[in-house]
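Each chain gets a letter, A, B and so on, in the order its sequence line appears, and its residues count up from 1.
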Protein chains: 2
Amino acid sequence: MTTLKQLEAFYWAATSASFLIAAQRLHVSQSSLSKRISELEGQFGRQLFDRSGHKATLTEAGVILLPLARRLLNTADELHTTMADDSRASGHCRFGVGEHTSLTWLPDFVALARKTYPNLILEPSVDIGSALEQHVDHGVFDFAVIAGLSSCSAIATKPLADVRFHWAGAPSLVGKQKKLTAAMLREVAIITMPVGAGATRMADLWLTENNFEVARRLTCNSLAAIAGLVIAGVGIGLFPESWLREGQGHQALVRMTSDPPLPPLRYYLHWRRDDTRPLVARLRGMVEQVADFSKPNALWPPVKPAVKVRG
Amino acid sequence: MTTLKQLEAFYWAATSASFLIAAQRLHVSQSSLSKRISELEGQFGRQLFDRSGHKATLTEAGVILLPLARRLLNTADELHTTMADDSRASGHCRFGVGEHTSLTWLPDFVALARKTYPNLILEPSVDIGSALEQHVDHGVFDFAVIAGLSSCSAIATKPLADVRFHWAGAPSLVGKQKKLTAAMLREVAIITMPVGAGATRMADLWLTENNFEVARRLTCNSLAAIAGLVIAGVGIGLFPESWLREGQGHQALVRMTSDPPLPPLRYYLHWRRDDTRPLVARLRGMVEQVADFSKPNALWPPVKPAVKVRG
DNA sequence: CACTCTTACGGCACCCGTAAGAATC
DNA sequence: GATTCTTACGGGTGCCGTAAGAGTG
């Protein structure tokens with residue numbers, strides 16, 4: 001008898017980058033997934049994948065089966081949406097966020113998800129936008145929060161918030177006017193996340209469109225590390241507004257103005273359009289609820305001098 | 001994870017007369033079926049059946065699930081219809097036929113089905129039409145061949161053939177004209193299958209509509225036995241035309257004419273509308289191919305005197 | 001040689017059927 | 001007491017993961 005497990009295995013194998021990634025998404029071993037597909041092929045009496053090449057590709061029969069399997073899985077998901085009491089749902093959820101998210105509302109989301117689904121195992125990963133997007137597309141992540149839109153039509157998106165970024169430097173570098181000028185850019189290094197990150201793409205666009213020349217570029221994949229570099233006077237860094245808010249943030253990090261100002265960066269929830277699992281859909285809904293990018297970040301608490309010295 | 005087996009069990013339990021009958025149709029033990037339903041209830045966190053009474057009835061949640069399960073099973077069946085190579089399908093098929101069918105084309109059907117699906121186990125039952133219909137409705141049979149239409153809207157039908165029936169008697173009873181008159185009916189017993197049989201219903205209608213009075217009625221559930229009674233001179237019997245064909249049949253059974261003639265009896269293939277299993281659908285198609293009610297019957301071969309004595 | 005998928009195999013978990021139990025009519 | 005469904009339990013098998021194998025680029 002054909003089972004939903006088998007069809008699920010086939011579907012994700014057919015639409016993921018490899019059997020291995022499909023297996024990871026389904027939380028089974030790769031050999032188990034391979035076996036499930038073999039069973040299907042046995043039942044149908046035909047090959048679903050052509051294994052002659054380096055990687056398996058769909059045969060004609062596989063192409064026919066793909067939409068049928070999708071329909072069946074859809075129907076099964078609808079049934080679950082209606083019937084299932086998933087308050088005690090167990091399972092895994094893998095998702096990706098940028099570093100900014102990881103330091104603002106990620107704990108809120110995890111807390112809410114854990115409270116709603118105590119048996120669910122959450123597996124967040126922090127990475128830059130381009131890597132997150134690829135992992136969503138390949139089926140590694142159930143969803144991801146990424147700055148900017150996806151270029152892939154198989155990925156659905158929903159806007160979450162606009163976040164303002166600003167340049168900031170150490171007091172000694174910033175000067176009195178706290179304004180980033182073209183002259184400064186020609187002298188001082190600027191430090192950003194790697195090129196795949198949404199904020200970096202936005203900043204590069206801003207630099208290009210305004211014909212700013214940049215002396216040196218430094219990239220680092222940790223925003224906290226960048227803050228350390230900036231404080232040490234290595235250069236000017238790019239930070240979300242919440243890191244630089246008045247009365248909060250490290251006194252050694254001074255927000256600068258620029259002309260024109262940096263445009264706001266829009267964050268989107270990304271997920272594979274063909275992922276209809278109801279539980280994941282609810283988790284995505286919870287992301288929308290708690291996604292507050294203006295929260296004071298966790299690593300960078302409001303600094304009130306521990307001992308206030310008067311006079 | 002919810003499985004198709006579980007939903008199948010639920011669906012047939014909900015639409016069959018009892019868990020036991022549903023289990024028989026699915027070829028599993030009743031306890032196994034019960035367990036599958038319990039598992040569903042566990043997953044959904046609600047009762048699907050109300051077990052307080054003598055027999056289980058659907059709860060509100062069960063009523064909601066029923067069409068969803070039906071849809072999922074339909075989708076799964078469509079997938080199988082497209083993909084499955086069922087030439088080597090294994091399984092069981094239970095069906096019912098009337099005695100006339102059992103003695104004409106049933107062997108042809110069994111032969112064809114066994115040839116097409118060597119691993120399929122066929123389980124034909126012979127009974128009268130009303131019993132067959134009930135068994136189809138309750139899910140015991142996958143299909144049945146019955147004279148006349150069903151009164152139940154859940155049963156689909158397809159006409160197979162019109163069969164003519166005739167009265168026949170022993171030569172001593174029939175007389176020269178071989179005509180059944182109202183006078184004869186008042187004197188001689190008529191012998192038919194039990195009241196639930198289609199031919200009997202047809203004959204009763206004929207008697208009533210023509211205001212014939214009948215001296216005595218005998219019923220017997222075996223057509224061969226009725227033939228024996230008729231030949232012994234007990235009364236006049238009702239037989240399908242193929243039993244009485246010229247040059248065939250037992251010489252001691254003489255076909256009679258009647259005024260008005262008996263109307264033809266239409267045989268229909270009956271099955272549960274909600275049974276969408278592709279294999280069963282193909283078997284039903286095979287029934288249509290081989291259903292030849294005018295075949296000489298198996299028990300009643302053309303009688304050619306074993307030894308022809310001349311002179 | 002890195003990567004992808006298959007095969008072999010030991011172990012465990014699940015599911016099945018038998019049989020006894022509980023509840024209803 | 002007959003019927004209907006559940007529970008308990010032993011047994012078998014099907015499925016999973018580990019690990020090694022085969023083939024490709």
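- Taking atom CG of Leu40(A) as the reference point, atom P of dG14(D) lies 16 Å away to the nearest angstrom.
- Screening Leu40(A), Thr57(A), Ile37(A) for a side chain to side chain contact (heavy atoms under 4.5 Å, CB included) involving Phe49(A) leaves a single residue, Ile37(A).
- Position along DNA chain C of the nearest nucleotide to Ser34(A) versus Gly53(B) favours Ser34(A) as the more 5'-ward residue.
- Ion pair Lys5(A)/Glu39(A) not flagged as a salt bridge, since none of the NZ, NE, NH1 or NH2 atoms sits closer than 4.0 Å to an Asp/Glu carboxylate oxygen.
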For nucleotides 8-17 of chain C, 5' to 3', base contacts (B), sugar-phosphate-only contacts (S) and non-contacts (-) with protein non-hydrogen atoms under 4.0 Å give -------SSB
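- The distance from atom CZ of Phe10(A) to atom C1' of dC5(C) is 16 Å, rounded to the nearest whole Å.
- Remark: C1' of dT4(C) and NE2 of His54(A) are 6 Å apart, rounded to the nearest angstrom.
- In this structure, CZ in Arg70(A) is found 11.0 Å from CG in Leu7(A), a value given to the nearest 0.5 Å.
- Whole-Å rounding puts the Gln24(A) CD to dG17(D) C1' distance at 14 Å.
- The closest donor-acceptor contact from the side chain of Arg94(B) to the backbone of Gly139(B) lies at 3.5 Å or more, if one exists at all.
- Closest approach of Thr59(B) and Gln47(B) over heavy atoms only: OG1-O, 2.8 Å.
- Rounded to an integer number of Å, the gap from CD1 of Ile37(A) to C1' of dC5(C) is 10 Å.
- As rounded to whole Å, 12 Å separates atom C1' of dT6(D) from atom CD of Gln47(B).
- As judged by a 4.0 angstrom heavy-atom cut-off over every strand, Ser52(B) is placed among residues touching the sugar-phosphate backbone only.
- The distance between atom NZ of Lys55(A) and atom C1' of dG25(D), rounded to the nearest whole Å, is 13 Å.
- Leu48(A) CG to Gln6(A) CD: the interatomic distance, rounded to the nearest 0.5 Å, is 10.5 Å.
- Taking atom CZ of residue Phe49(B) and atom P of nucleotide dC5(D), one finds them 9 Å apart after rounding to whole Å.
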